[in-house]
Visitor: 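Sharing a structure below in structure tokens format, with a few things to ask.
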Amino acid sequence: MSPETIVHADPRAAANVPPPLLAVDGLSLEFRTRSGVVRALEDVSLSLQKGELLGVVGESGSGKSVFAYAMLGISDAAAKITRGTAVFDGMDLLGATERELREIRGREVSMIFQSPRTSLNPIRKVGHQIEDVLRRHAAVRGQDLRERAIDCLKRVRIPDPARRYEAYPFELSGGMCQRILIALALACQPSLLIADEPTTGLDVTTQAAIMDLIVELAHERQMATLLITHDLAMAAQYCDRIAVMHAGHVVEVGPAQVVLHQPQHPYTARLIASTPHTADSIAAMQPIPGSLPDLRAAKLPPCRYSARCEYRTERCDTEALPVVPIDATHSVRCWRAAA
Amino acid sequence: MKLILKRLLLALPNLVGVIVVTFVLTRALPGDPAAYFAGAAATPEAVAQVRTQLGLDRPMFEQFLSYVSDLAKGDWGVSLATGQSVISELKGRLPASLELTLFGLVLAVSVAVPLGVLAATRPNSAWDHGVRALTTAGVSLPTFFTGLLLVYVFYYKLGWAPSPSGRIDAFVSSPPTVTGFYIIDSLIAGDFTALWASIKQLILPAGTLALFVLAPLARMTRASMLGVLSSDFIRTARASGLTPMTVLYTYALRNALLPVLTTLGMVFSFLLGSNVLVEKVFAWPGIGSFAIESLVASDYAPVQGFVLSMALLYVLLNLLIDLAYTWLDPRIALEG
Ligand SMILES: Nc1ncnc2c1ncn2[C@@H]1O[C@H](COP(=O)(O)OP(=O)(O)OP(=O)(O)O)[C@@H](O)[C@H]1O
Ligand SMILES: [Mg+2]
């Protein structure tokens with residue numbers, strides 16, 4: 001039923017595409033809170049090949065971070081996964097024990113976060129924080145540990161790494177802290193990096209430098225990367241493929257340039273029109289009408305975008321949402337595309 | 001070093017305040033020391049003579065000036081009741097009080113911090129509620145009552161604890177004085193009988209003090225730990241696969257202890273206050289019980305000396321806390 005299963009059901013694709021590094025199928029997740037059940041993810045399917053860069057794009061509140069945390073098994077205690085599977089490199093992420101997940105976190109799958117300054121322990125030298133990860137996952141001890149940590153700093157292009165090793169986060173700029181976090185995440189050479197809005201809160205030039213660094217390192221190491229952002233233009237610039245999320249649904253997946261230039265879902269089109277890089281002029285920029293539906297509502301329509309959509313028809317609110325393949329790599333969940 | 005000096009200078013106005021206030025308060029108290037020391041049968045002439053001798057007939061301000069200039073010379077006055085200098089009286093009793101207070105403080109911290117962590121890592125669990133109940137009971141009972149209750153249960157009813165009569169069993173000789181702390185002195189002397197005997201005497205009074213300050217410490221640890229555990233860097237640590245032990249101790253607890261340390265300074269002043277009553281209940285030969293006796297006798301100099309030494313202790317402990325803070329938190333050092 002999901003876009004990805006359809007893609008791989010295609011015999012040609014199955015023949016020359018190796019099994020994905022990460023395959024998420026039909027994932028649904030809800031938060032059971034005092035004010036009701038928040039259905040934050042519904043039937044989310046995504047896959048990622050080795051070394052591939054996938055951009056996950058959507059407005060604030062669309063469930064991007066919730067998805068990322070679910071992959072690492074670090075969701076809030078109130079989160080319950082109600083359906084679906086997630087397989088990483090042959091390992092069932094959703095069925096794994098906490099102990100098994102701890103083994104792959106930071107070693108096979110790493111994550112970097114927004115607000116780099118607060119994401120580092122404020123009272124521990126950054127060098128020691130990197131050493132903590134190395135000590136945990138790599139068989140490095142004693143003096144070698146320090147050298148390896150400095151080496152990690154060097155590889156994220158931090159000038160004078162031996163001096164930075166001794167620094168505390170409050171002594172560093174935001175961009176430098178993000179480099180430290182990248183060094184920390186990549187210390188054990190993971191095969192998957194999840195970057196959750198890694199440039200939010202940084203100034204524009206630093207943003208570009210950080211993105212260039214992430215992409216460069218990803219290529220250098222053949223590391224698959226899930227780049228989470230609300231900036232579709234930036235995702236298109238750096239990623240191979242893009243998945244667009246809206247209110248806990250993946251509404252469109254496809255090659256970056258195709259999604260950017262021939263969006264099939266009305267929400268994707270709106271998203272593109274609302275980003276400053278892609279709109280022809282500031283005047284042409286249009287905000288997306290309406291807002292995300294309340295995910296606590298007892299009865300959400302099958303298409304969670306319908307209330308905001310200019311092409312809404314009756315079946316949008318009554319029939320289950322179809323997955324419409326446009327071609328082997330591009331699919332969209334919308335009745336309009338099915339017509 | 002600069003930091004220490006700066007802190008000491010900052011404490012100076014407080015000390016001056018303490019000196020003025022205790023001076024005024026002791027004079028304002030009812031009771032006439034001259035009458036007291038001249039004796040009940042003394043004639044008015046004899047009382048007046050004693051008053052002149054003590055300098056109590058001079059104007060208040062003049063008395064204050066001579067008190068301050070004596071202080072500056074290191075002369076804290078003489079206890080009328082014992083005839084000894086206040087300094088030597090306090091010196092002889094201070095170790096007893098300090099040993100009791102510090103033992104109580106260590107006991108409180110070593111129980112409160114783990115309890116707070118336990119409650120914070122299992123919010124709304126039975127542990128959490130249990131800790132809350134225990135700490136509420138601890139503050140809502142006055143210390144002398146807790147003390148009497150502990151004596152009643154553990155000495156009178158169960159017979160587990162020795163009689164509440166001082167620092168060491170009457171049949172065990174106290175260790176040769178080096179520091180004045182019986183625990184340390186008996187360790188130095190290698191005298192384990194004395195060590196055990198003095199620990200046994202300490203447990204109930206120190207426990208009474210500890211129960212009193214358990215609540216603020218455990219609550220602070222819990223609140224601060226909860227805050228830290230939901231912060232971004234803990235998420236990073238967990239996303240890096242660090243073990244729960246590392247996340248809890250190296251990352252969370254060290255950060256959470258910073259506000260606990262501040263509470264510790266406050267709690268210490270509670271302890272100094274309640275010490276006075278606890279010493280009375282347990283016949284502890286410390287400066288607290290000495291101060292009460294002097295107060296009853298309108299013996300000014302020891303009371304002033306007692307309050308002043310409490311203030312000095314308080315300043316000293318807060319200095320130590322500040323130093324611990326700079327050691328724990330690198331962000332402070334820059335400003336120091
Ligand atoms: N612990 C939680 N309890 C209840 N609801 C939650 C919780 N965490 C997230 N949600 C809800 O899940 C939805 C998705 O949130 P999420 O943080 O994934 O959005 P996002 O796409 O990452 O947005 P942003 O761009 O702001 O980071 C939101 O509606 C949010 O309110
Ligand atoms: Mg987010």
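We name chains A, B, ... by the order of the sequence lines, and we start the count at 1 in each one. Source: prediction; values computed, not measured.
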Visitor: For B/S240 and A/H137, work out which heavy atoms get closest and say how close.
Guide: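 Answer, listing the atom of B/S240 first, then A/H137: O-NE2, 2.9 Å.
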Visitor: For chain B, which of A/R99, A/E98, A/Q129 has the most heavy-atom pairs under 4.5 Å?
Guide: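 Result: the option with the highest number of such pairs is A/Q129.
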Visitor: Of the listed residues (A/T118, A/N121, A/I104), which shares the most heavy-atom pairs with chain B below a 4.5 Å separation?
Guide: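 Option with the top pair count is A/N121.
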Visitor: Rounded to the nearest 0.5 Å, how far does CG of B/L328 lie from CD1 of A/I123?
Guide: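 Output value for this atom pair is 6.0 Å.
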Visitor: Okay, side chain of A/R124, backbone of B/Y251: is any donor-acceptor separation there less than 3.5 Å?
Guide: no
Visitor: Could you grab the distance from atom CD1 of B/I234 to atom CD1 of A/I74, nearest 0.5 Å is fine?
Guide: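 So the CD1 of B/I234 and the CD1 of A/I74 are separated by 12.0 Å.
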Visitor: Could you look at A/R136 and say if it's the side chain, the backbone, both or neither that has a heavy atom under 4.5 Å from chain B?
Guide: side chain
Visitor: Highest number of heavy-atom pairs under 4.5 Å with chain B: which of A/L101, A/L72, A/L120, A/L184?
Guide: A/L120
Visitor: Checking heavy atoms, do the side chain of A/P122, its backbone, both or neither come under 4.5 Å from chain B?
Guide: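 It is both, since atoms from each part get that close.
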Visitor: To check you understand the geometry: which heavy-atom pair defines the closest contact between B/A239 and A/M111, and what is its length?
Guide: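 Minimum heavy-atom separation between B/A239 and A/M111: CB-CB, 4.4 Å.
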Visitor: Looking only at side chains, do A/S115 and B/D232 share a donor and an acceptor under 3.5 Å apart?
Guide: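 The answer is yes; a qualifying pair exists.
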Visitor: Quick check on the interface: out of B/S231, B/S230, B/P244, who has the most heavy-atom pairs with chain A under 4.5 Å?
Guide: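 Ranked by contacts with chain A, first place is B/P244.
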Visitor: For the residue pair A/F170 and B/P330, what are the closest heavy atoms and their distance?
Guide: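 Residues A/F170 and B/P330, closest heavy atoms: CZ-O, 3.6 Å.
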Visitor: Checking A/L181 against chain B: side chain, backbone, both or neither under 4.5 Å from a heavy atom?
Guide: side chain
